[in-house]
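So that the names make sense, note that chain A is the first sequence line, chain B the second, and so on, each numbered from 1. Keep in mind that the numbers below use all heavy atoms, side chains included, and drop hydrogens, waters and symmetry copies.
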Protein chains: 2
Amino acid sequence: MTKKDQSEKRVCSVSHRGCVSMVPIFNHLDTLQMEEIMETVQAHSFKRGELIYRAGDTSDVLTIVNKGSLRIYRLSESGKEQLVRVLKPGEFTGELALFNETVHENYAEAMEATSVCQITRASLQKLLIKYPSISLKILQALSSRLDESEQQAAQFSTESTEQRLASYLADLLVEDDQSAIVTLPLTKKDLASYIGTTPETVSRKLKELEEMQLIRRISSSKIEILDEEKLLFL
Amino acid sequence: MTKKDQSEKRVCSVSHRGCVSMVPIFNHLDTLQMEEIMETVQAHSFKRGELIYRAGDTSDVLTIVNKGSLRIYRLSESGKEQLVRVLKPGEFTGELALFNETVHENYAEAMEATSVCQITRASLQKLLIKYPSISLKILQALSSRLDESEQQAAQFSTESTEQRLASYLADLLVEDDQSAIVTLPLTKKDLASYIGTTPETVSRKLKELEEMQLIRRISSSKIEILDEEKLLFL
DNA sequence: CGTGCAGTTGAGGAATCTCAACCGACGTGG
DNA sequence: CCACGTCGGTTGAGATTCCTCAACTGCACG
């Protein structure tokens with residue numbers, strides 16, 4: 001075993017443990033059960049830009065982010081890319097191929113050095129049968145993601161780009177709390193893709209919001225929210 | 001008991017049985033288990049225009065359509081309405097409030113005389129624990145709905161109104177199969193809301209597609225698809 | 001020090017919305 | 001049975017939003 005292999009191994013085992021213990025869908029179980037689960041999951045690491053899966057893949061594993069972040073995106077018929085969501089530690093993806101035996105429709109790409117845990121369909125099904133409470137957790141996660149996604153679709157169809165950008169910024173605030181300064185977790189390009197517009201328009205709209213005294217641009221990725229109310233009721 | 005009550009009763013009991021037996025999430029169970037489930041669900045009927053639930057409600061039941069159809073829609077901040085989906089017999093809604101103990105974000109309205117079966121959180125949880133395979137069915141349904149919703153969001157953000165309308169029409173085709181004549185299941189108004197545009201634009205775009213020889217309007221709700229290929233690759 | 005990429009700015013044009021008028025089907029009340 | 005109002009749908013004209021293309025800046029990296 002080479003030196004590289006050893007360090008790989010060490011990383012894996014650490015992430016392994018970290019993974020399971022922090023995952024919302026498992027964290028109601030006791031230590032013994034955790035141990036059992038740890039034996040069924042596989043840890044993997046990806047470098048920035050590497051794909052975890054791509055549209056058309058059939059791999060039937062559930063992928064849970066342990067460290068880092070994943071970009072989930074789609075390509076439209078016309079080749080344009082839309083950012084669907086960003087997965088942070090504790091969140092998972094791959095449910096479509098796993099529960100429906102169909103191919104992936106999305107692409108999952110590591111945004112930075114990212115480690116994940118993967119569990120195969122067979123193992124998961126065994127776990128679900130044995131510990132039905134895990135199903136409930138997954139149902140919770142899926143139904144709230146469904147709701148978010150439907151809300152996003154509704155926003156696309158009923159609200160202007162300006163409103164979508166504004167409520168995106170306001171949403172960042174509630175998560176950060178305390179300070180009125182939010183940090184954009186995405187490049188402007190990804191942000192544009194996420195809210196369904198172009199980088200140029202994002203740039204212009206941010207400028208407009210600033211002129212309206214609703215926000216203040218501090219640095220390229222830091223924005224101070226001056227008036228959350230007005231931001232939401234544009 | 002009045003005559004009206006009796007007929008109500010009869011309708012309920014029929015729909016009751018019909019409901020459970022045709023629901024995809026239950027239909028892998030045997031007759032005995034079906035009987036058990038039937039005792040835990042409640043049948044209800046709604047007239048056209050009645051609301052099953054509204055945004056802000058906390059009711060914690062899963063609602064499964066038995067006969068008829070439900071419009072699920074949202075209201076944006078600005079009061080505009082977006083049609084999220086139409087539920088046909090066998091499909092369900094209410095999962096958000098049920099699994100997450102939050103309030104409904106959507107409205108569910110009967111589009112015609114509609115009968116549904118409802119199962120409470122408590123009953124469903126018991127069933128899920130007792131028959132874990134039901135969870136798998138629900139997970140399947142939710143993950144594929146999630147996928148549809150994400151696809152819809154992606155289409156909103158990357159494709160033109162014309163393309164969205166075209167692929168909506170093409171999608172109708174695969175379901176009907178055989179004949180190239182599709183029947184619009186929605187009013188133009190609802191269709192517009194569903195694909196995120198206005199009735200005026202739908203009308204104009206249909207005209208354009210007809211001029212391009214891609215479709216032919218037969219009656220107000222019947223359309224012949226002349227060139228599915230071109231329709232998809234607009 | 002060049003090259004490349006993210007971001008910004010400007011100008012022009014295309015897509016789509018809004019408002020308003022009009023048509024036809026339908027149901028209601030006189 | 002007819003007149004009327006309502007509603008869904010269509011059409012037109014003008015306004016608006018947003019995209020596209022192109023030029024330019026600043027920054028990171030080799």
Engineer: Are any of Thr187(B)'s side-chain N or O atoms less than 4.0 Å away from OP1 or OP2 of dG8(D)?
Structural biologist: no
Engineer: Counting only side-chain N and O atoms of Thr198(A), is one of them less than 4.0 Å from OP1 or OP2 of dC18(D)?
Structural biologist: no
Engineer: Is it true that Ser193(A) and Glu81(A) share a donor-acceptor pair across their side chains at a distance under 3.5 Å?
Structural biologist: no
Engineer: Indicate whether OP1 or OP2 belonging to dA15(C) is found under 4.0 Å from a side-chain N or O atom of Thr201(B).
Structural biologist: no
Engineer: dC5(C) phosphate, OP1 or OP2: any side-chain N/O from Lys189(A) under 4.0 angstrom?
Structural biologist: no
Engineer: Is it true that the side chains of Thr183(B) and Lys222(B) contain a donor and an acceptor less than 3.5 Å apart?
Structural biologist: yes
Engineer: Report the distance from atom NZ of Lys188(A) to atom C1' of dT25(D), rounded to the nearest whole Å.
Structural biologist: 14 Å
Engineer: Provide, to the nearest angstrom, the distance between the CG atom belonging to Leu186(B) and the P atom belonging to dG8(D).
Structural biologist: 13 Å
Engineer: Is it true that atom CZ of Arg217(A) has more than 12 heavy atoms of other residues, nucleotides or ligands lying nearer than 6.0 Å?
Structural biologist: yes
Engineer: Report yes if a side-chain nitrogen or oxygen of Thr161(B) is closer than 4.0 Å to either non-bridging phosphate oxygen (OP1 or OP2) of dT16(C); otherwise report no.
Structural biologist: yes
Engineer: Nearest whole Å is fine: how far is dC17(C) P from Glu159(A) CD?
Structural biologist: 14 Å
Engineer: So does Ser160(B) get a side-chain nitrogen or oxygen closer than 4.0 Å to the phosphate oxygens (OP1/OP2) of dA15(C)?
Structural biologist: no
Engineer: Within the distance-only criterion (no hydrogens, no angle test), does the side chain of Arg48(B) pair as donor or acceptor with the backbone N or O of Met111(B) below 3.5 angstrom?
Structural biologist: yes
Engineer: Between Arg164(A) and Glu200(A), who's closer to the 5' end of DNA chain D by nearest nucleotide?
Structural biologist: Arg164(A)
Engineer: For residues Ser144(B) and Asn100(A), is any side-chain donor paired with an opposing acceptor at under 3.5 Å?
Structural biologist: no
Engineer: In whole angstroms, how far is the P atom of dA6(C) from the CG atom of Leu184(A)?
Structural biologist: 16 Å
Engineer: How many whole angstroms separate atom CE of Met111(B) from atom P of dG8(D)?
Structural biologist: 12 Å
Engineer: Answer yes or no: does a side-chain N or O of Lys80(B) lie under 4.0 Å from OP1 or OP2 of dT18(C)?
Structural biologist: yes
Engineer: How many whole angstroms separate atom CG of Leu165(A) from atom C1' of dC19(D)?
Structural biologist: 16 Å
Engineer: Using whole Å, report how far CZ of Arg48(A) lies from P of dA28(D).
Structural biologist: 14 Å
Engineer: Looking only at side-chain N and O atoms, does Tyr194(A) offer a donor or acceptor that is under 3.5 Å from a partner on Ser157(B)?
Structural biologist: no
Engineer: For DNA chain C, which residues of residues 203-234 of chain B approach it to below 4.0 angstrom with any heavy atom?
Structural biologist: Arg204(B), Lys205(B)
Engineer: Pick out which of Glu150(B), Glu91(B), Glu95(B) makes a salt bridge (charged side-chain N to carboxylate O under 4.0 Å, His left out) with Arg145(B).
Structural biologist: Glu95(B)
